[in-house]
Trainee: 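Before anything else, here's the structure in question.
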Number of protein chains: 2
Amino acid sequence: MDEKDAIAMLGALSQEMRLRIIRYLIGRGDDGASAGEIAEAMDAISSKASFHLSALERAGLITSERQSRKIIYRVSFLGLGGLLSFILNDCCSNHPDIREHCGLPNFEC
Amino acid sequence: MDEKDAIAMLGALSQEMRLRIIRYLIGRGDDGASAGEIAEAMDAISSKASFHLSALERAGLITSERQSRKIIYRVSFLGLGGLLSFILNDCCSNHPDIREHCGLPNFEC
DNA sequence: TCAACATTTCAAGAGAGGTTGAAATATGGA
DNA sequence: TCCATATTTCAACCTCTCTTGAAATGTTGA
């Protein structure tokens, strides 16, 4: 996870429908959801949902797996965790007391 | 910190120079840095730096304070912490074991 | 008040990103 | 093979963002 990856992930998350998709997929857990289910849940036409799903996948925030006719999307905990670590470490490595300002519990960075 | 605020912050961070400015200002700590120092550190013309500084300030990620002729910018630990909390809580509230996937130490969400 | 300094604002142009409907691709079952 | 289903790709259009140089604003000291 370098700076370029982080910028791509931040950009992918900074869009209303994409953030809603991430939240929806987190709620679905390991089951994930098909592109059609996601489009319906977002109240969006298929091409719009597909556009945003591919943006999220390109950024490494979700994964896809074909199951017969459907394509199942799942949130990538690895990707999301990597982004959080990037921000936290960029934060904490330079300034040890930032954690406190962040309202986050104490832990080693 | 609602969804709109988070999207604005994520969008503000998802740009190379703005992310570099944040990292630079974190390194400067409470002293902060003037617009001119930041522009020089970023190797950017003043209007370009000013454009990105105002984007970061609008998003709540940095603060500004005039000191005679100069304007001192500082990273907003409150803002940055709020964004982290938003992502973490959105994450953890729905799915308690995501922390583990994130590679983050254990703590209460 | 005037000049130098520090920074922002503005307008214009280039480029990236988002939305839409239609067409294309892929899959499974009759 | 043919049809229905599921999803993506494409092109067109619009909007938003970024960059640049020039002009405007605010501040200090002579």
Side-chain angles (χ1 to χ4, degrees), chain A residues 3-25 28 31-76, chain B residues 3-25 28 31-76:
Chain A
E3 190 176 287
K4 271 203 177 340
D5 298 330
I7 287 173
M9 282 194 182
L10 290 163
L13 279 181
S14 67
Q15 208 277 345
E16 193 197 341
M17 177 168 297
R18 290 200 291 261
L19 190 52
R20 277 170 55 216
I21 290 174
I22 290 291
R23 298 172 102 164
Y24 177 72
L25 286 180
R28 300 297 294 254
D31 291 345
S34 69
E37 284 176 301
I38 296 168
E40 192 180 10
M42 299 299 129
D43 195 28
I45 61 177
S46 61
S47 60
K48 186 177 182 180
S50 179
F51 171 79
H52 289 301
L53 285 168
S54 74
L56 287 168
E57 187 173 23
R58 213 178 320 120
L61 288 166
I62 64 176
T63 63
S64 70
E65 176 202 3
R66 182 174 278 278
Q67 275 185 8
S68 92
R69 269 193 273 215
K70 303 186 175 179
I71 296 183
I72 304 298
Y73 286 95
R74 295 183 184 84
V75 68
S76 166
Chain B
E3 191 178 285
K4 272 205 177 338
D5 298 330
I7 286 172
M9 285 194 179
L10 290 164
L13 280 181
S14 68
Q15 207 279 343
E16 193 196 342
M17 178 168 297
R18 291 199 292 261
L19 190 54
R20 276 170 55 215
I21 290 175
I22 289 291
R23 298 172 103 164
Y24 177 72
L25 287 179
R28 300 297 295 253
D31 292 344
S34 69
E37 286 176 300
I38 296 168
E40 193 180 9
M42 298 300 127
D43 194 29
I45 60 177
S46 60
S47 61
K48 185 177 183 180
S50 179
F51 171 79
H52 289 301
L53 285 168
S54 75
L56 287 168
E57 186 172 24
R58 213 179 318 119
L61 287 165
I62 64 175
T63 63
S64 69
E65 177 202 2
R66 182 174 279 276
Q67 274 185 7
S68 92
R69 269 194 273 219
K70 303 185 175 182
I71 297 183
I72 305 297
Y73 286 95
R74 293 183 186 85
V75 68
S76 166

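Order of the sequence lines fixes the chain letters, A, B, ..., with proteins taken first and strands second; residue numbering starts at 1 for each chain.
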Trainee: Can you give me the first and the last nucleotide of DNA chain C (5' to 3') that has an atom within less than 4.0 angstrom of a non-hydrogen atom in chain A?
Mentor: dG18(C) to dG28(C)
Trainee: For the residue pair Leu25(A) and Tyr73(A), what are the closest heavy atoms and their distance?
Mentor: CD2-O, 3.5 Å
Trainee: Find the distance Ile62(A):CD1 to dT8(D):P and express it as a whole number of Å.
Mentor: 9 Å
Trainee: Rounded to the nearest Å, what distance is computed from the CZ atom of residue Phe51(A) to the C1' atom of nucleotide dC10(D)?
Mentor: 13 Å
Trainee: Among residues 32-45 of chain B, which residues get a heavy atom nearer than 4.0 Å to DNA chain C?
Mentor: Ser34(B), Ala35(B), Gly36(B)
Trainee: 5'-most contact on DNA chain C: Arg69(A) or His52(A), nearest heavy atom basis?
Mentor: His52(A)
Trainee: Between the side chains of Arg28(A) and Tyr24(A), is a donor N or O closer than 3.5 angstrom to an acceptor N or O?
Mentor: yes
Trainee: Within this structure, what is the NZ-to-C1' distance between Lys70(B) and dT28(D), rounded to whole angstrom?
Mentor: 12 Å
Trainee: For atom CD of Glu40(A), decide whether the heavy atoms of other residues, nucleotides or ligands shown that lie under 6.0 angstrom number more than 12.
Mentor: no
Trainee: Should the pair Glu3(B)-Arg23(A) be classified as a salt bridge under the 4.0 Å nitrogen-to-oxygen rule?
Mentor: yes
Trainee: Using a strict heavy-atom distance below 4.0 Å, which residues from residues 8-18 of chain B are in contact with DNA chain C?
Mentor: none
Trainee: Got a second to check how far Ile72(B)'s CD1 is from Lys70(B)'s NZ, nearest 0.5 Å?
Mentor: 7.0 Å
Trainee: How many Å lie between CD on Glu57(A) and P on dT7(D), as a whole number?
Mentor: 13 Å
Trainee: Taking atom CG of Asp31(B) and atom CD of Glu37(B), what is their separation to the nearest 0.5 Å?
Mentor: 9.5 Å
Trainee: Could you go through Lys4(A) and Glu16(B), starting from their C-alpha distance and side-chain angles, then the distance that decides it, and tell me whether this counts as salt bridge (charged side-chain N to carboxylate O under 4.0 Å, His left out)?
Mentor: CA-CA 8 Å; Lys4(A) 271 203 177 340; Glu16(B) 193 196 342; 5.4 Å; no
Trainee: Indicate, with a heavy-atom threshold strictly under 4.0 Å, whether Ser46(B) touches base, sugar-phosphate, or nothing.
Mentor: base
Trainee: Base, sugar-phosphate alone, or nothing: which one does Lys48(B) contact when heavy atoms must sit under 4.0 Å apart?
Mentor: base
Trainee: Is Tyr73(A) close enough to dA6(D) that one of its side-chain N or O atoms is under 4.0 Å from OP1 or OP2 there?
Mentor: no
Trainee: How long is the span from the OG atom in Ser47(A) to the NE2 atom in His52(A), to the nearest 0.5 Å?
Mentor: 9.5 Å
Trainee: For the residue pair Lys48(B) and Met42(B), establish whether any side-chain heavy-atom pair is separated by less than 4.5 Å.
Mentor: no
Trainee: One thing to verify: whether Glu65(A) and Arg74(A) come together as a salt bridge, which I'm taking to mean a side-chain N less than 4.0 angstrom from a carboxylate O.
Mentor: yes
Trainee: Could you tell me the separation between the CD1 atom of Ile21(A) and the CD1 atom of Ile62(A), rounded to the nearest 0.5 Å?
Mentor: 7.0 Å
